[in-house]
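Counting convention: from 1, in listed order, for ligands and their atoms alike. Just so you know, these numbers use all the heavy atoms, side chains as well, and skip hydrogens, waters and symmetry mates. Position 1 is the first residue of the sequence; numbering continues from there. Bear in mind that the values here come from a model prediction, so they are computed numbers and not experimental data.
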Amino acid sequence: MIRKYIFGKPFETEAIVKKVEPEQGMPTYGQISLEEGFSYTYPLAEDDIVYGLGEANRGLNKRGYCYISDCSDDPNHTEDKRSLYGAHNLVVIAGEQNVGLFFDYPAKMIFDIGYTKQDIMKVSCEEANLNLYVIEGENAYDIVKQFRGLIGRSYIPPKFAFGLGQSRWGYKTREDFENVAKGYRENRIPLDMIYMDIDYMQDYKDFTVNEEEFSDFPEFVQGMKDQGIRLVPIIDAGVKIEDGYSVYEEGVKNNYFCKREDGSDFAAAVWPGYTHFPDVLNPDARRWFGDHYRYLIDQGIEGFWNDMNEPAIFYSREGMADLKDTLQEYSASEADVPVWSLGDQVGALANNPEDYKRFYHQVNGEKIRHDKVHNLYGYNMTRAAGEAFERIDPDRRFLMFSRSSYVGMHRYGGIWTGDNKSWWSHLLLNLKMMPSLNMCGFLYIGADLGGFGADATRDLVLRWLALGVFTPLMRNHSAIGTREQEPYQFERIEDFKGIIETRYRLIPYLYSEYMKAALSDDMYFKPLAFVYPDDSFAVRVEDQMMLGNEIMIAPVYTQNARGRYVYLPEKMKLVKFGKGGAYTEEVLEKGHHYVEVALDEVPLFIREGRCIPVAKAAQCVEKIDTMQLELLGFEGAQYILYEDDGVHKNYDEQGNYKKLHYE
Ligand code: GLC
């Protein structure tokens, strides 16, 4: 049962696709106050669990902290951070009373979930202009499924996107990319994608390629494809200001960039130096920006990642001018300057909330200040691409994922969770975030495996890849200046190869479960609580997840551990995949177990009475032989395998379901 309440004059975010007739009056759950902006207060019972918020910090149960939906470019995800790159305003309260709440509001929103007062959840924002959806259901899982029906089908990538991707900020020359391909292929490690970070462009200009390095780009792209590898370039939000650069000139001429109040184009510095932001909330500008992806598609590119689209700002002209004034005042004065004040002022230049008040969007003839719709920027940049793909090749799937997002963007692309660090705590954060993202519609998801910032260690990369085996987006990415973390940079490469091969062995199953989840608005990763709601141990478990309908995963996330404790809510078969196609099996009874897991192993647990198909490893997704599948699990079980060509969009017609029996 879904009820909609309208407050004030909401901005239509287009997060929702299903029409819901609005109710009169106030919701029966919680209390609303319109005295100072908008606030919604809900008393939490002692045992209530609060799920949701998609890409947010901390645990699966959001109780006990304060989170702020305010898309932020902040690479330091320490435990105290309240905002990350996405804004996903769904919370689901599970307890005696089960209720889901979606606050469809595009600006900053505060979710105080038992932080100020332990038993109170307070959701608030500055302006009382929003749509609130209240969902009643039998339990949290039921509520999530209703919500998913409301927001429309999740994005479906091409099948190659289930292969491994290798990335690093710093690959620059043609040789750099060729060396990555060689590093993998010479060691016979499977690989499907190499990501191209900003250095492939000419001076960081979107929709250009450095001609000197890539004199025949289509030939280079094809050469990689011949080895089973797709190149996936990055596209940044800011368009470089440079005379003679056609994208810049077209944008200026047609008023497609975000403007200051006085009508001039707003300028902010990002990687290329000063840039303008395409006004992707304006349908004409969105169409124009999206059409530019064709430039790379025409050269053989089949996928992209959209970055810096919070939008990230290193500094604005105004911010820089203010700083210069302050510094001048300091230097002219004899008074002492507190040292931290200097540092703070320089630091505050980046992603300064004041800058988000300095530019405007044109939406349906109305001028809207950016901060009032801030959380929609990444969403609409990715929508620009998604809508363009529909025009360019309507039947074909393109790979697309974004850094910043809002609910609604899940229909156009996936997300990666931004700049994490090579920290063990971020491996665990990666795991916990996955089901929350699924609740909000994002299915094609993954984190930078091995960690983006800071130096990785061999064991961290191995353990993180062993989690990445299960995330739809499996990509090893790292920052320039950090320790290189491609598998072939470490000792005993065969350990890495074994883990990655396990991914490829599982792709028929993982793809099938992804497609089933996407086609029926269901979840790919579920908390144990959604499957075993009556098991009091299972409902509180946060470091194990259900994947699809057959398996449970329990990755190791501590350094020097030889294994970990795992709780089994029912009898299961533990399968540990090792090197060279080897695996061991053991049936474990319901209850607590210590499970040993070596650094080169990938464990999974098959539920009682079920089985999963496993293929032979292959060098790329296209080479996986889906006719030769082995079944693992319980005798007598059957599995329904979903298959399609992995390229086209007519899933409903071409998808075929094959019944496999484990005898
Ligand atoms: C941002 C992205 C990161 C990328 C870097 C350079 O920090 O999040 O993935 O490598 O920019 O483009």
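Closest protein heavy atom to atom 2 (C) of ligand 1: D307 OD2, 2.9 Å. What sits closest to atom 8 (O) of ligand 1 on the protein, heavy atoms only, is D419 OD1, 2.5 Å. Of the protein's non-hydrogen atoms, W169 CE3, 3.9 Å is the one closest to atom 5 (C) of ligand 1. For atom 10 (O) of ligand 1, the closest non-hydrogen atom on the protein side is D197 OD2, 2.5 Å.
Atoms of ligand 1 found under 4.0 Å from any heavy atom of W416 (numbered from 1 in listed order, with element): 8 (O), 9 (O). For ligand 1, the atoms closer than 4.0 angstrom to any heavy atom of R403 are 1 (C), 2 (C), 7 (O), 8 (O).
Rounded to the nearest 0.5 angstrom, L443 CG and L473 CG are separated by 12.5 Å.
Between D448 and ligand 1, not a single N/O pair is under 3.5 Å apart. Distances between N or O atoms of R475 and those of ligand 1 include no value under 3.5 Å. The shortest N or O to N or O distance between H477 and ligand 1 is under 3.5 Å.
Between F452 and W169, the ring-plane angle classifies as parallel under the 30° and 60° cut-offs. Between Y356 and H370, the ring planes are tilted. Angles from 30° to 60° get that label.
For the pair R458 and F490, the cation does not sit on the ring face, since its NZ or CZ is not both under 6.0 Å from the ring centre and inside 45° of the axis. In this structure, R396 is not positioned above the aromatic face of F389 in the sense of NZ or CZ being under 6.0 Å from the six-membered ring centre and within 45° of the axis.
Only the side chain of W305 comes within 4.0 Å of ligand 1, judged by heavy-atom distances. Neither the backbone nor the side chain of Y85 comes within 4.0 Å of ligand 1, counting heavy atoms alone.
Checked against the 6.0 Å centroid threshold, F442 and Y155 do not count as a close aromatic pair.
Y200 and D176 share no donor-acceptor pair across their side chains, judged by distance under 3.5 Å alone.
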Applying side chain to side chain donor-acceptor pair (under 3.5 Å), run through T78 and D80 and close with a yes or a no.
CA-CA 5 Å; T78 42; D80 55 330; 2.5 Å; yes

